[in-house]
Amino acid sequence: MNNSQFWGSESSSSFQPGAAGYKAGKKKGGSGVAKKLGIGTAIFLVIIGIVGVFAYIYLVKPALALYSAANILKSDTAKIGEALQNRDLVALDATLNKTENNLKSLRQQREDSFGWAKDKTIFRINEYYADSEKFINSGFYAIDAMREAEKVVLPFADAAGLKVSADQEVPEQEGLMEAFQGWISIMPEVAGQMDGVIEKVSKIGEELETIDTEKYPESFRGTPIRENIVFIKDTLSKADDYAPDLKQAFTIIPRVLAVGTPVKRYMIIMQNDKELRPTGGFMTNYATFKIANGLLDSDFTSKDMYSVDLTLDLIDATYDFPDPPAAYGKYLLVERWYARDMNYSPDFVTSMDQFLRFYNMAGRIDPVEVKPVDGIFAIDTQVISELLEVTGPVTVNGVTYTKDNVVLELERIASLALKEQAGRKRVLGYLMKAMLTNVFESDKNLWPKMIDKAVSLAARRHVQVYVFDPEAQALIDKYEMGGRIKQETKGDYSMVVSTNLGGDKTNWFVKKAVNHKLEKSGDKWLRTVNIVYTYENPDGEYAPFVKQFKDWVRVYAPIGSEFVSVDGSEDGTMTDQESNRVWYSAFITAQPGETKEVTFKYYLPNNLVGDKEYNLYLQKQAGVNGEKYKVSYGTKTVDVDLVNFKEVTIRN
């Protein structure tokens, strides 16, 4: 090979010792990296190197030290939780003292490492420094609140099974409800002594109130950051507002759980959100269970929802049952309003009152099988899947159900013809019983996850509650766990309510996107609600569920709205009012792979829109696992991931 061709002739001659060009070549190459890269590039690299050294000394190294100190606090937090789970006030005291010292160390470490940053406005460093002081102060207030709570419960240590001395033995408890039972018994006595705790907690909110959360990232390494800060800030800053409700809850919870009262029986209704109905899904199955003195009683029964209608069939010849809602009669081809279809209103309490009227009638016909209840909890498939994620798999009749396969297996059962369902639908009852037992008897290490999951599911409207204790239900409704239509809102209001009237599980594969628009039309405000349906085309094990999609959809709007038109409906529109809202309907069908649209237009009452500000309260239908919304007003558009409700404000 001719190297001169590969390297170039100049290169080959310059490496010949003694040649005339050798010195010249050496001179040209002697300026090294600088001339090869260019003098500007070399200077830049030197500067970057210096910056890197300074960054390591003044940023990276201090940050690593601070991160290490923060991790120690994270460990302290875990130990506080462990002490609470073990009802060990001795360990709690020791951990609080250690945490207090570690917080002081963290503050000093921050001062030593980043004290220079407190007055630097570049990249808003001074704001982050100031925020760090507020977070640290909040930690001290949290410790104060924990110590105040200790003082409150200490007189009831025996009743609550608390460890108050190092040599004391605390008996191991079997599950969540057994541990909770001890706390329930002292709640009424503790309620009147909570002011000191609430005062300390409210100081946390006051400390965090001025923090601008928008400058923080949404998440870091998969951990939500901004939303956690917002939640703590918004919740604790209102601690004084929550105080009366907290005290009231402490007096209500014991009687709801039958502590010091007669035994309570509650119902759980399983709603199939893959066959969506107004309150969250078709009511496919129900179970009843007793609670006595805060513990799950052995009397558990489970029934197919059709069994209620079969009992009522016994009086069909002599009793004048109500006609079904017009849409149900038209699309479901039913001649009477069946109990299984009575969740017609998206207001859960309204629908359950209607259902209970006929459930109780069936109970008078067959009191052994249809038992009276003191309240109703509604859940959907999302609840079952997410609870199995916490508790672990459940085996029923030789089949192991996990968070990954449980929905598919239940939908297979639900899709059987009625004559085939008699035996297999009992599986849902057995599964609900096994899961309920797992929850009530769960290991203490799962309690925090269990409580967090329950709160999250209720907040996302996958769990709805209706108890027949008026005081308790008022509190449940206040915190939006009762599935009520929101009646009083600032400005505009909208809720899109789908009703699957095809009898199939097609909501599994149909996605909805909702576009809201407000514009001036003459002297009126014109509202447009455009709903886009996209029917995915699944295959494999999901193929048997692929059928024609049929949705009778209603848009709920403020009372006083004036209907203009609906485009895309395959069967006109209906309208009615409930809960201080008016609704307009449309009917649409879709095949796999299709995209369909329906568009509603109506005028809003003029007093709901300000001159330059538009407020819209969006409420999500129960059972829907989040939907994409767009809200447009003037020149601005806001994107919303609707997981529960959202108050949107747009200023032009």
Side-chain angles (χ1 to χ4, degrees), residues 81 84-85 87 142 145-146 148-156 159-162 176-205 231-232 234-264 266 268 291-296 348-349 374-379 439-440 447-448 450-484 486 644:
L84 290 172
Q85 287 176 16
R87 296 162 293 139
M146 292 290 292
E148 193 67 31
E150 277 189 279
K151 294 178 187 176
V152 172
V153 301
L154 196 57
F156 313 102
L162 305 178
L176 173 62
M177 291 312 293
E178 187 178 77
F180 193 39
Q181 185 185 30
W183 291 102
I184 294 170
S185 65
I186 67 171
M187 279 183 176
E189 289 81 3
V190 167
Q193 303 177 44
M194 292 295 293
D195 290 341
V197 179
I198 293 165
E199 179 188 355
K200 302 290 185 184
V201 170
S202 65
K203 286 185 177 180
I204 302 174
F231 175 78
I232 294 170
D234 292 349
T235 302
L236 299 186
S237 63
K238 299 174 183 175
D240 288 335
D241 298 334
Y242 297 143
D245 295 338
L246 182 61
K247 292 178 183 179
Q248 186 184 23
F250 274 24
T251 62
I252 290 172
I253 290 173
R255 69 172 185 258
V256 170
L257 296 180
V259 176
T261 71
V263 172
K264 303 283 188 184
Y266 292 105
I268 298 177
I291 285 186
N293 202 31
L295 294 176
L296 183 65
F348 182 66
V349 172
D374 297 289
I376 300 174
F377 298 79
I379 65 173
V439 169
F440 274 61
W447 300 348
M450 194 76 71
I451 293 169
D452 286 347
K453 184 64 70 179
V455 170
S456 172
L457 287 165
R460 289 180 282 137
R461 303 198 74 191
H462 294 293
V463 175
Q464 297 165 94
V465 183
Y466 179 26
V467 295
F468 308 154
D469 181 318
E471 189 181 10
Q473 188 60 35
L475 199 57
I476 289 167
D477 291 341
K478 182 175 180 178
Y479 288 90
E480 305 202 28
M481 293 187 291
R484 307 306 302 262
K486 189 76 170 178
N644 182 0

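These numbers come from the heavy atoms of this one structure, side chains and all, not from hydrogens, waters or symmetry mates.
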What's the shortest heavy-atom distance between [X] and [Y], and which atoms?
X	Y	value
A145	V197	O-CG1, 4.1 Å
G294	V259	N-CG2, 3.8 Å
N293	G260	OD1-N, 4.3 Å
V263	I291	CG1-O, 3.5 Å
G482	F348	O-CB, 3.4 Å
T251	A191	CG2-CB, 4.1 Å

query = Do the side chain of Q473 and the main chain of F468 share a donor and acceptor less than 3.5 angstrom apart?
reply =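 No.
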
ask   = Got a donor-acceptor contact below 3.5 angstrom from the E480 side chain to the A458 backbone?
value =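 Absent.
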
Qualifying residues under salt bridge (charged side-chain N to carboxylate O under 4.0 Å, His left out), relative to K264, sequence neighbours excluded =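 With neighbours one apart ignored, the set is empty.
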
Output the distance between atom [atom1] ([X]) and atom [atom2] ([Y]), rounded to the nearest 0.5 Å.
X	Y	atom1	atom2	answer
L246	I198	CG	CD1	5.0 Å
D195	K247	CG	NZ	3.5 Å
D245	F250	CG	CZ	12.0 Å
E148	Q193	CD	CD	10.0 Å

query = Does the side chain to side chain contact (heavy atoms under 4.5 Å, CB included) test come out yes or no for M187 and I252, once each step is laid out?
reply = CA-CA 9 Å; M187 279 183 176; I252 290 172; over 6 Å; no

inquiry  = Just to verify, which of V455, I476, L475 counts as forming a side chain to side chain contact (heavy atoms under 4.5 Å, CB included) with M481?
reply    =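 Answer to the side chain to side chain contact (heavy atoms under 4.5 Å, CB included) test with M481 among V455, I476, L475: I476.
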
key: Those residues that, when tested against K200, pass side-chain hydrogen bond (donor to acceptor under 3.5 Å, both in side chains) (two or more places apart)   =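 K200: no side-chain hydrogen bond (donor to acceptor under 3.5 Å, both in side chains) contacts found.
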
ask   = Do R255 and E471 come close enough that some side-chain heavy atom pair is under 4.5 Å?
value =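 A side-chain contact under 4.5 Å exists here.
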
ask   = For V256 and Y266, what are the C-alpha separation, side-chain angles and deciding distance, and is it a side chain to side chain contact (heavy atoms under 4.5 Å, CB included)?
value = CA-CA 10 Å; V256 170; Y266 292 105; 3.3 Å; yes

